[in-house]
Amino acid sequence: MCRRPRRRSSSRGISASITICARRSKRVSAMAESEGFPLAEPGLWVERVGDRTYPTGRPALFLDRDGTINVDTGYPSDPAEIVLRPEILPVIRTANLAGLPAIIVSNQSGIARGYFGWSEFAAVNARLLALLDGHGCQIDLVLACAYHSSGKGDLSIGDHPMRKPNAGMLLRAGDLLGLDISGSIIVGDKADDMEAGRRAGLAEGWLVGGRSNRKTPDGGFTTHKLTTGNDHRRLCDAIVELSKD
């Protein structure tokens with residue numbers, strides 16, 4: 001089985017792992033792989049899930065994927081690797097019950113790097129959605145960005161507007177569903193997730209594993225820590241309050 005480097009591996013370790021994966025990591029063109037997949041462009045997956053509809057102007061719950069919804073195993077490409085983080089399940093269910101769209105926005109540089117392709121992403125995505133459905137959690141939209149500076153060909157773009165910390169995926173979702181972006185919430189496990197929320201014009205984000213609450217210098221964006229059970233309950237309460245506005 002191909003060994004993939006974890007995100008925090010050194011460049012030397014990544015080079016070694018890429019050598020090990022050489023036989024499996026054929027970098028076919030993204031356009032060739034796009035057949036049958038909901039690709040809005042070579043490095044952008046946009047998938048509407050289900051048939052739920054929402055009034056124009058509703059806020060949304062934005063969610064990072066790896067490390068937020070599922071345990072981050074390091075460039076997951078095998079559906080069997082996907083394990084949900086139980087703490088996030090009540091959060092998604094609360095959004096569903098409150099009538100707020102639940103939207104995944106995920107950077108997937110493993111595709112650009114050649115560790116796996118859109119077909120593997122599709123299989124993992126389908127498994128994730130099935131596991132969530134089994135726990136009564138519904139996702140309405142999935143966006144994934146494969147662009148990265150270490151990519152090849154069409155995907156070799158380091159600061160693509162769709163890649164977090166840029167706000168492109170959130171804004172695209174806002175256009176597709178007619179969202180109230182400024183009233184929405186983002187949940188993620190990295191500073192880039194929070195920054196994407198700030199750049200999109202959100203007022204708050206919740207950082208998985210965060211140690212403290214903090215505001216940007218201008219006071220326009222608040223990052224809440226999301227670590228304890230009480231933090232998760234506070235997030236659920238915040239989602240309910242959004243639905244009342």
Side-chain angles (χ1 to χ4, degrees), residues 7 29-31 33-34 37-49 54 56-70 72 75-76 95 100-113 115-118 121-122 124-125 128-129 139-208 216 218 220-223 242:
R7 287 186 177 85
S29 77
M31 293 305 294
E33 284 199 312
S34 68
F37 299 131
L39 295 183
E41 54 186 269
L44 182 65
W45 177 287
V46 182
E47 177 185 5
R48 186 71 165 90
V49 182
Y54 299 91
T56 299
R58 292 292 280 172
L61 172 66
F62 288 101
L63 300 141
D64 174 53
R65 195 189 79 175
D66 304 330
T68 300
I69 298 176
N70 54 282
D72 190 353
Y75 303 102
L100 303 186
I103 301 168
I104 294 174
V105 285
S106 177
N107 286 345
Q108 290 293 318
S109 70
I111 296 172
R113 297 171 190 267
Y115 302 153
F116 55 91
W118 283 118
F121 172 84
V124 167
N125 184 58
L128 179 79
L129 296 176
I139 298 296
D140 296 285
L141 187 63
V142 178
L143 294 97
C145 176
Y147 295 108
H148 192 270
S149 58
S150 297
K152 300 295 182 181
D154 293 336
L155 303 183
S156 181
I157 304 175
D159 192 32
H160 194 281
M162 292 295 166
R163 179 174 171 79
K164 296 178 293 185
N166 292 321
M169 286 191 285
L170 284 74
L171 297 177
R172 175 68 68 91
D175 290 341
L176 289 173
L177 298 183
L179 302 175
D180 172 11
I181 287 289
S182 64
S184 299
I185 287 175
I186 188 167
V187 181
D189 66 328
K190 293 181 174 62
D192 279 357
D193 300 316
M194 302 298 102
E195 178 62 12
R198 187 194 69 80
R199 294 184 187 183
L202 277 62
E204 63 180 292
W206 294 71
L207 182 62
V208 175
T216 54
D218 63 2
F221 185 83
T222 300
T223 297
L242 284 181

(request) Indicate the atoms forming the closest heavy-atom contact of G174 with I181, along with that distance. (result) CA-CD1, 3.9 Å

(request) Indicate whether any N or O donor in one side chain lies under 3.5 Å from an N or O acceptor in the other, for Y147 and E41. (result) yes

(message) Let me confirm one number: the CD-CG distance from E47 to L129, rounded to the nearest 0.5 Å.
(response) 6.0 Å

(message) Can you confirm whether Q108 sits close enough to P76 that some side-chain heavy atom of one is under 4.5 Å from a side-chain heavy atom of the other?
(response) no

(request) Apply side-chain hydrogen bond (donor to acceptor under 3.5 Å, both in side chains) to the pair S109 and N107, showing each step before the final yes or no. (result) CA-CA 6 Å; S109 70; N107 286 345; over 6 Å; no

(message) With side chain to side chain contact (heavy atoms under 4.5 Å, CB included) as the test, pick out the partner of I139 among I104, I103, N125, L61.
(response) I104

(message) A side-chain contact here means heavy atoms from C-beta on lying under 4.5 Å apart; do F221 and T223 qualify?
(response) yes

(message) I need the minimum non-hydrogen distance between D66 and D64, along with the two atoms involved.
(response) O-OD2, 3.0 Å

(message) Any heavy-atom pair between the side chains of H148 and L155 that's under 4.5 Å?
(response) no

(request) Identify the heavy atoms of K164 and S106 that sit nearest to each other, and give their distance. (result) NZ-CA, 4.0 Å

(request) Please round to the nearest 0.5 Å and tell me the distance separating atom CZ of F62 and atom CG of L143. (result) 8.5 Å

(request) Nearest 0.5 Å please: distance from the CG atom of L170 over to the CG atom of L202. (result) 6.0 Å

(request) Check the side chains of E195 and N166 for a donor-acceptor pair under 3.5 angstrom, ignoring hydrogens and angles. (result) no

(request) List the atom of G110, the atom of Y75, and the distance in Å for their closest heavy-atom pair. (result) CA-CD2, 3.6 Å

(message) Looking at every non-hydrogen atom in both residues, tell me the closest pair between G183 and P59 and how far apart they are.
(response) O-CB, 3.4 Å

(request) Hey, could you give me the CD1/CG distance between I69 and L63, rounded to the nearest 0.5 Å? (result) 4.5 Å

(message) Looking at every heavy atom in both M162 and G168, which two are closest together, and how far apart are they?
(response) SD-C, 3.3 Å

(message) Between S149 (side chain only) and G158 (backbone N and O only), is there a donor and an acceptor less than 3.5 Å apart?
(response) no

(request) With rounding to the nearest 0.5 Å, note down the distance linking CD1 in I185 to CH2 in W206. (result) 7.0 Å

(message) What I'd like to find out is whether the side chain of L141 reaches to under 4.5 Å of the side chain of V49, using heavy atoms alone.
(response) no

(request) Apply side chain to side chain contact (heavy atoms under 4.5 Å, CB included) to the pair L44 and H160, showing each step before the final yes or no. (result) CA-CA 10 Å; L44 182 65; H160 194 281; over 6 Å; no

(message) In the structure I gave you, are the side-chain heavy atoms of R65 and V105 within less than 4.5 Å of one another anywhere?
(response) no

(message) When you compare the side chain of N70 with that of L128, does any pair of heavy atoms fall below 4.5 Å?
(response) yes

(message) Would you compute the distance between atom CE of M194 and atom OG1 of T222 and round it to the nearest 0.5 angstrom?
(response) 11.5 Å

(message) Would you say CZ of R58 has more than 12 non-hydrogen atoms from neighbouring residues, nucleotides or ligands within 6.0 angstrom?
(response) yes

(message) Between D180 and S182, is there a side-chain donor-acceptor contact under 3.5 Å, judged purely by atom types and distance?
(response) yes

(message) Using a 3.5 Å distance criterion without hydrogens, assess whether the side chain of W118 forms a donor-acceptor pair with backbone atoms of P42.
(response) yes

(request) Taking D193 for its side chain and K190 for its backbone only, find out whether a donor-acceptor pair lies under 3.5 Å. (result) yes

